[in-house]
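Worksheet for the structure shown next.
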Amino acid sequence: MDTVSLSEPHASLRIYNTLSKRKEPFRTVQPGKVGIYLCGPTVYDKAHIGHMVGPVIFDCIKRYLTYCGYEVTWVVNITDVDDKLIAKARQRDISMLEVAQENIADYQENLASLGVDQINHFPRATQCMDEIIGLIHSLVEQSFAYASDGDVYFDVTKDTGYGKLSNRSVSDLQGEGGTTVGRKQNAADFALWKGAKPDEPSWESPWGKGRPGWHIECSAMSRRLLGKTFDIHGGGLDLVFPHHENEIAQSECCHSRPMATYWAHNGLLRSSSQTGKVGGRSKPGSKLNKTSMADSAANATATEGGKMSRSKGAGGLAELIARQGGERIRFFLLRTHYRSTVQFNEPAIEDAGIGLESFYRLLKRYQRITGNDFYDLVVPSTRTEGASAASDDPTLQAASSCRDKFLAAMDDDFNTGGAIGELFELAKLINKFCDESGLDQEKGDPVERHQDTAALGKLRQLLTIWKELAGILGIFCQKPTATNATSDRFEPLMQLIVALRATARAKKDFATADTIRESLTSVGITLEDRTGGSEWTAGDANSIEGLMQLLIALRATARANKDFTTADTIRNRLEELGIMLEDRPSGTEWVQNADCGMRIAE
RNA sequence: GGCGCCGUGGCCAAGUGGCUAAGGCAUCGGAUUGCAAAUCCGACAUCCCCGGUUCGAAUCCGGGCGGCGCCUCCA
């Protein structure tokens with residue numbers, strides 16, 4: 001086999017290679033360019049969370065390589081022809097194409113939800129038939145493959161390197177057979193082309209009508225989009241054998257060149273019992289828990305333990321994302337090194353979400369102090385650009401050290417878990433800086449405000465570093481869109497409640513103030529008193545009813561205390577929002593005008 | 001049976017030969033707060049067991065115990 005000369009190694013980046021079973025310095029086929037091929041799904045059914053592990057880590061890998069100055073092309077293939085697709089199409093009485101189309105849409109929506117947006121090409125097997133047939137033809141011509149009764153098989157005995165990826169020998173594999181044993185010359189031979197059975201989707205070929213074997217599409221599509229030799233080939237650990245072993249056999253025998261320099265395999269997800277606790281406090285009166293319970297039937301597979309797979313009924317990724325949010329799931333997956341097995345369960349995702357929330361509070365703090373939006377910060381897009389000049393400021397020095405450690409972790413085979421540790425460290429550093437510089441305090445004195453200018457500049461620098469690093473992981477890149485359908489009502493109601501509470505606090509009526517806060521807590525809203533006023537966390541769809549009940553109760557108390565000013569304030573403010581209160585003997589009910597008197601409450 | 005992976009505090013999880021074993025969650029103290037929340041400070045592990053190599057090991061080697069993956073479709 002010909003050798004391919006590679007670029008000089010990157011100064012610090014190392015990647016684990018399944019082929020050599022060790023970490024290697026990173027070199028590329030073409031200087032400054034990287035080609036990545038990741039094996040995507042067979043789209044016979046909806047995606048499950050296991051399908052997201054590879055895309056999420058490779059999304060980070062591409063971001064990181066780009067950040068390191070490489071021009072990266074990333075391909076994720078889609079297998080849209082296979083036995084299971086055919087079976088599914090028959091079962092549903094639609095075409096194979098339709099089955100594929102549906103599940104591709106599902107897959108891509110899920111990717112988008114997890115922030116995976118770096119993929120350049122999604123080639124589909126059915127759209128690459130010419131390349132596939134050409135490749136098989138070449139293998140037959142070179143005697144690496146043989147036609148047999150409408151099928152074409154790859155002859156593993158002709159490939160001297162066969163088994164090098166998965167560390168097996170051809171003789172080890174000769175015990176196997178399978179249903180096609182009669183047509184094969186060796187038990188370990190595998191199909192490149194399968195002759196069509198009646199009523200199966202098929203394509204014309206020199207060997208008659210048929211369809212490609214599973215492995216050949218990847219050899220064909222990677223060659224078309226990335227060349228005969230490209231840099232990184234990825235996929236789940238379960239694809240090492242036979243899929244990737246066979247890809248190597250096909251491509252390398254055909255081209256007499258290495259197929260890929262690095263073979264990177266992500267660990268598999270395991271579902272584990274939901275009863276197994278993974279830290280994480282449950283919020284008081286949390287609606288999260290309620291939802292988890294309600295959906296526990298849908299997650300039956302997650303309670304069984306063992307490997308995730310569609311054949312075991314795993315699925316419902318879209319529902320999981322709806323429940324947990326894509327960012328949490330992404331963050332959850334990145335907490336663990338990509339080659340490790342991840343125990344997957346919802347409490348663990350919620351646990352990851354708690355950490356994420358502390359980051360959001362930091363961003364909010366930045367906004368509160370500076371009046372600027374964190375998402376407007378412009379960050380360095382490359383590693384060299386981000387390298388800060390030496391500073392004698394201890395805080396900036398410490399931040400720079402966090403950045404160095406973060407990058408060192410990423411350099412070490414994309415250790416996102418270690419990198420996230422540094423993100424937490426940096427966040428703590430920034431919070432501490434805010435605490436110590438007293439930036440949260442309101443300054444009336446112009447002299448003090450002037451002193452703050454330097455501190456504010458420093459704060460901006462610190463957040464910029466934080467955003468730069470978070471961006472490598474693909475988190476906190478863009479402002480989350482407020483999706484709360486109730487937010488139109490929610491904000492004004494909260495403002496009213498908080499104003500009522502502020503009045504109570506001003507009058508040292510702490511009993512009322514505390515009642516209000518506790519009531520909000522039980523509806524899932526946390527109130528935080530700041531120097532400039534109270535802040536609150538977003539509620540969910542059910543919060544509105546809770547807020548209304550709280551207001552009704554507050555008004556009732558005020559009326560009982562003959563505090564008609566407060567009672568009327570509540571009613572009048574609500575009226576301005578188009579909400580009418582109706583006092584009935586059975587209690588007060590509320591009606592939303594906008595909905596033509598349709599009662600929302602019970 | 002063949003090939004391979006893993007076992008770090010209550011839980012999750014970095015670290016793979018040498019400063020005080022990252023970080024997150026949880027817990028317990030303290031600062032702060034009207035009280036909280038948030039934030040900060042502090043406390044909390046000698047790394048499954050045994051043996052070996054070494055001046056020195058969680059980190060290397062051997063053995064054991066335990067968990068898991070692939071060898072059939074699978075990310």
Side-chain angles (χ1 to χ4, degrees), chain A residues 18 21 23 38-42 44 47-57 76 79 82-84 163 166-169 171-173 175-176 178-179 188 214 234-243 245 265-270 276-281 305-312 314 331-332 335-337 339-343 347-348 350-358 361-362 364-365 405 409 412 415-425 427-436 440 505 508-511 513-514 517-518 521 526-530 534-537:
Chain A
T18 307
K21 294 174 180 54
K23 291 177 193 168
L38 176 70
C39 283
T42 303
Y44 67 90
H48 63 73
I49 186 173
H51 291 114
M52 295 294 120
V53 180
V56 166
I57 180 62
V76 176
T79 303
D82 123 306
D83 289 339
K84 287 183 178 171
S166 59
N167 195 22
R168 319 162 194 233
S169 66
S171 58
D172 287 344
L173 297 162
E176 312 290 326
T179 53
W214 175 34
L237 211 45
D238 53 349
L239 296 182
V240 173
F241 186 90
H243 187 52
E245 193 69 72
H265 292 99
N266 59 267
L268 305 178
L269 235 45
R270 285 174 41 74
K277 58 172 210 175
V278 188
R281 85 200 131 175
K307 182 184 159 184
M308 304 274 311
S309 73
R310 289 192 284 217
S311 57
K312 288 185 184 171
F331 189 66
F332 164 74
R335 287 200 311 179
T336 309
H337 186 94
R339 282 190 284 113
S340 304
T341 303
V342 178
Q343 297 281 338
E350 282 162 20
D351 179 58
I354 291 170
L356 226 34
E357 280 166 29
S358 75
R361 280 191 296 268
L362 174 63
K364 220 170 176 180
R365 190 176 195 180
K405 287 183 194 162
D412 183 12
N415 181 357
T416 53
I420 285 172
E422 294 307 318
L423 214 51
F424 275 107
E425 280 287 288
K428 182 189 285 187
L429 192 76
I430 300 172
N431 270 316
K432 194 171 173 176
F433 174 75
C434 292
D435 282 3
E436 288 172 356
D440 286 304
R505 289 179 74 205
K508 305 262 185 239
D509 176 8
F510 295 122
D514 290 349
R517 192 174 55 205
E518 282 156 22
T521 303
T526 308
L527 214 54
E528 300 178 5
D529 294 333
R530 307 280 178 200
S534 300
E535 284 190 353
W536 56 86
T537 58

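Letters A, B, ... mirror the listed sequences (proteins, then strands); counts begin at 1. Worth saying up front: this structure is predicted, and the values here are computed from it rather than measured.
If you check distances only, the side chain of A/D514 does reach the base of B/G34 with a donor-acceptor pair under 3.5 Å. Residue side chain A/D529 reaches the base of B/C35 through a donor-acceptor N/O pair under 3.5 Å, judged by distance alone. A donor N or O paired with an acceptor N or O is found under 3.5 Å between the base of B/A36 and the side-chain atoms of A/R517.
Side-chain N/O atoms of A/R530 include none lying less than 4.0 angstrom from OP1 or OP2 on B/A38. Contact check, A/K432 against B/C41: a side-chain N or O comes under 4.0 Å of OP1 or OP2. A sub-4.0 Å separation between OP1 or OP2 of B/A38 and a side-chain N or O of A/N431 is absent. In terms of phosphate contacts, A/S166 brings no side-chain nitrogen or oxygen within less than 4.0 Å of OP1 or OP2 of B/C71.
The two atoms that bring A/C39 and A/L239 nearest to each other are CB-CD1, 3.6 Å, heavy atoms only. Residues A/S358 and A/F424 share a closest heavy-atom pair of OG-CE2, 4.0 Å.
Regarding A/D82, its CG atom lies at a distance of 17 Å from the P atom of B/U72, rounded to whole Å. A/K21 has its NZ atom 8 Å from the C1' atom of B/G4, to the nearest Å. Separating the CE atom of A/M52 from the C1' atom of B/A75 is a distance of 9 Å, rounded to the nearest angstrom. The separation between A/R270 atom CZ and B/C70 atom C1' is 14 Å, rounded to whole Å. Straight-line distance from the CG atom of A/L237 to the C1' atom of B/A75: 10 Å, rounded to whole Å. One atom, NZ of A/K23, and another, C1' of B/G15, lie 10 Å apart when rounded to the nearest Å. In this structure, A/H337 places its NE2 atom 19 Å from P of B/C12, rounding to the nearest Å. Spacing between atom CG of A/L429 and atom C1' of B/G23 amounts to 14 Å, rounded to whole angstrom units.
Residues A/S534 and A/D529 bring a donor and an acceptor atom of their side chains to less than 3.5 Å of each other.
Projected onto RNA chain B by closest heavy-atom contact, A/L38 and A/G417 fall at different nucleotides, the more 5' of which corresponds to A/G417. A residue-by-residue look at A/T526 and A/I420 shows that A/I420 has its nearest nucleotide of RNA chain B further toward the 5' end.
Residue A/E425 is in sugar-phosphate contact alone, with no base atom involved, counting any heavy-atom pair closer than 4.0 Å across all strands shown.
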A/R365/A/D435 under salt bridge (charged side-chain N to carboxylate O under 4.0 Å, His left out): CA gap, chis, key distance, verdict: CA-CA 11 Å; A/R365 190 176 195 180; A/D435 282 3; 2.5 Å; yes

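With P as the reference atom, B/U20 and B/A45 are 15 Å apart, rounded to whole Å. The gap from the P atom of B/A43 to that of B/A22 amounts to 12 Å, rounded to the nearest Å.
Contacts of A/F510 classified as ring pair (Phe, Tyr, Trp, His ring centres under 6.0 Å), with partners at least two apart in sequence or in another chain: none.
Stacking is found between A/F510 and the pyrimidine-like six-membered ring of the B/G34 base under the 5.5 Å centre-distance and 30° plane-angle cut-offs.
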